[in-house]
Amino acid sequence: RLIRRQRQMCIRDRDYSKYNLHGRSFYNLGMDYKYRFHRFSIQGEAALGISGMAFMNQVLYSPLQDIRLMLVHRYYSHDYWAMFAHSFSEGSSVQNENGWYLAASVNPFNRWTFFVSADLFSFPWWRYRISKASKGVDLLFQANYVPSKTVDMYVNYRYKQKERDVTGTQGKVILPTYHHRLRYRLNYLPCSSLSLRTTVDYNHFHSSGKTAGQGYQLTQTAGWKLPWLPLTAELQGSYFHTDDYDSRIYIYEKGLLYSFYTPSFQGEGVRLAIHFRYDMNKHWTAIAKLGQTTYFDRDEIGSGNDLIRGNKKTDVQMQLRLKF
């Protein structure tokens, strides 16, 4: 029985990754265009790979000065391969996706901006944790308020619905999942050398027939820029608490040059990180970052070769840049 189950899992893995990039030689041909007419702006791009193809088209329209509308259509075939491609998508790669995205930005009052968007997407082939063609929707509403030059804030609500295999059913039972996210962020600049940022997140995740999971986090960031020394520093502290992996939270952290770092956390704990940048002269720049995560709900972190026997995990990053 165990051998049969392992064999079925291997078959499902092969089906899931059937169109993943493989081989020894690749090519891509691309073409883009842009056209502007009065208040309309139309642009797009088309690409042809060794087997599949990809298209993305965008229409921008501004009927009034304070109103902006955008419509984006993308189609990435399930067998399209592009090793270093990055584009607008719901998934993590430019492959196996078809979708329509509509967004509107309005400034009805002084100091206020409202943004709303709707993304309707589908996946023609299997994906991670879904053993059939699937679809979903992603809705977002955000309100920005800028009362002064030193203070700005926003609150947004995001709703996402997707489909997923029920664990243990081997893909025979598929149910929708519902994910609600709420965020509030406040930026405050008391002076030219100090900046403060406060972020509060709340997640609510559930699927049919299962207990809902919740998660939240509170992050405070303080940045300094010394006027008499070419040194900038940023200290960030976060507290997080989630019920499970599905209700995990993401915390943005300032990283090294040309890198994007937004780790995810689950369980209960705190995260502390400090970032330094020193511009020695116009040629040399030194950057260092130190972070530590402390969990309150476990005595071990990770598994296998990554196992840490303890509830603390520390990471260090350093970078030295020479600019000619």
Side-chain angles (χ1 to χ4, degrees), residues 86 89-92 140 142 144 150-158 160 179 181-203 205 213-226 229-279 285-298 300-302 306-308 310-321:
H86 296 280
S89 66
E90 164 64 22
S92 58
L140 174 67
Q142 179 167 313
N144 295 68
T150 60
V151 178
D152 68 85
M153 65 187 74
Y154 73 80
V155 59
N156 67 30
Y157 165 73
R158 189 172 187 178
K160 182 179 290 189
H179 197 174
R181 298 178 182 176
L182 184 65
R183 162 171 287 189
Y184 170 77
R185 173 167 288 176
L186 170 66
N187 296 305
Y188 178 47
L189 301 174
C191 60
S192 59
S193 59
L194 177 63
S195 62
L196 302 174
R197 182 175 68 245
T198 303
T199 305
V200 182
D201 285 325
Y202 172 76
N203 283 346
F205 183 95
Q214 302 181 77
Y216 61 89
Q217 68 94 7
L218 171 63
T219 297
Q220 180 62 54
T221 305
W224 297 271
K225 185 176 182 181
L226 303 179
L229 191 67
L231 174 67
T232 58
E234 183 173 288
L235 177 64
Q236 180 167 299
S238 303
Y239 170 77
F240 57 88
H241 189 287
T242 72
D243 293 336
D244 48 31
Y245 176 76
D246 287 325
S247 59
R248 65 192 180 277
I249 55 92
Y250 292 87
I251 301 175
Y252 168 77
E253 291 183 3
K254 197 171 185 177
L256 305 182
L257 287 175
Y258 317 117
S259 66
F260 183 78
Y261 190 60
T262 308
S264 64
F265 299 94
Q266 66 176 103
E268 183 182 9
V270 295
R271 168 73 176 176
L272 298 175
I274 186 167
H275 180 280
F276 295 100
R277 171 170 175 162
Y278 182 64
D279 295 294
T285 300
I287 302 175
K289 178 187 174 183
L290 172 65
Q292 184 178 79
T293 306
T294 303
Y295 290 93
F296 302 148
D297 60 344
R298 68 197 70 177
E300 293 183 346
I301 303 173
D306 297 326
L307 177 64
I308 298 176
N311 68 333
K312 295 182 179 180
K313 181 178 180 180
T314 304
D315 52 274
V316 179
Q317 302 178 50
M318 293 181 289
Q319 184 180 52
L320 183 63
R321 183 182 72 166

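Everything quoted here is computed from the prediction, not taken from an experiment.
- Applying the side-chain hydrogen bond (donor to acceptor under 3.5 Å, both in side chains) rule to Thr198 yields the partners Gln220; only residues at least two apart in sequence or on another chain are considered.
- Residues satisfying the side-chain hydrogen bond (donor to acceptor under 3.5 Å, both in side chains) test with Thr150, not counting sequence neighbours, are Ser148.
- Side-chain contact check for Phe240 versus Thr219: every heavy-atom pair is 4.5 Å or farther apart.
- For the side-chain contact (heavy atoms from CB on, under 4.5 Å) test, residues two or more places apart in sequence or in another chain that qualify with Tyr157 are Tyr159, His180, Leu182.
- Counting only heavy atoms from C-beta outward, the side chains of Thr199 and Arg197 approach each other to under 4.5 Å.
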From CA spacing to verdict: side chain to side chain contact (heavy atoms under 4.5 Å, CB included), Val270, Phe296: CA-CA 8 Å; Val270 295; Phe296 302 148; 3.8 Å; yes

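- The side-chain heavy atoms of Thr221 and Lys254, taken from C-beta on, include no pair separated by under 4.5 Å.
- Remark: His241 pairs with Tyr216 by the ring-ring contact (aromatic ring centres under 6.0 Å, His included) rule, at least two apart or across chains.
- One side chain, Asp201 or Gln217, offers a donor N or O that lies under 3.5 Å from an acceptor on the other.
- Without hydrogens or angle criteria, Thr242 side chain to Gly267 main chain gives a donor-acceptor distance under 3.5 Å.
- The closest donor-acceptor contact from the side chain of Asn203 to the backbone of Arg248 lies under 3.5 Å.
- Side chains of Trp224 and Thr232 form no contact here, defined as non-hydrogen atoms less than 4.5 Å apart.
- One finds the CG atom of Leu194 at 8.5 Å from the OH atom of Tyr188 (value rounded to the nearest 0.5 Å).
- The side-chain hydrogen bond (donor to acceptor under 3.5 Å, both in side chains) check on Gln266 picks up nothing, with sequence neighbours excluded.
- Panel note: side chain Gln319, backbone Leu257; a donor-acceptor pair is recorded below 3.5 Å.
- If you take OG on Ser195 and CD on Glu234, they are separated by 6.5 Å, rounding to the nearest 0.5 Å.
- Summarising the geometry, atom OH belonging to Tyr239 is positioned 14.0 Å from atom CZ belonging to Phe265; distances are rounded to the nearest 0.5 Å.
- With rounding to the nearest 0.5 angstrom, the OH atom of Tyr154 is 11.0 Å from the OH atom of Tyr184.
- With a 4.5 Å cut-off on side-chain heavy atoms, Phe276 and Leu290 do not count as touching.
- Arg321 and Tyr258 share a side-chain donor-acceptor pair at under 3.5 Å.
- Here the shortest heavy-atom pairing between Ile301 and Gly310 reads CG1-O, 3.4 Å.
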Please report the C-alpha distance between Ile287 and His275 in whole Å, then the side-chain angles of each, then the deciding distance to 0.1 Å, and finally whether the side chain to side chain contact (heavy atoms under 4.5 Å, CB included) criterion is met. CA-CA 8 Å; Ile287 302 175; His275 180 280; 3.5 Å; yes

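- Under 3.5 Å, the side chains of Thr314 and Gln292 contain a donor-acceptor pair of N or O atoms.
- Partners of Asn144 under the side-chain hydrogen bond (donor to acceptor under 3.5 Å, both in side chains) rule, at least two apart in sequence or in another chain, are Gln142.
- Separating the NZ atom in Lys160 from the NE2 atom in His179 is a distance of 8.0 Å, to the nearest 0.5 Å.
- A salt bridge links Arg271 with Asp315: at least one charged nitrogen is closer than 4.0 Å to a carboxylate oxygen.
- The structure places CD1 of Ile274 at 10.0 Å from CG of Leu272, a figure rounded to the nearest 0.5 Å.
- You'll find the side chain of Tyr250 stays beyond 4.5 Å of the side chain of Pro263, heavy atoms only.
- Nearest heavy atom pair, residue Leu256 against residue Ser259, reads O-OG, 2.7 Å.
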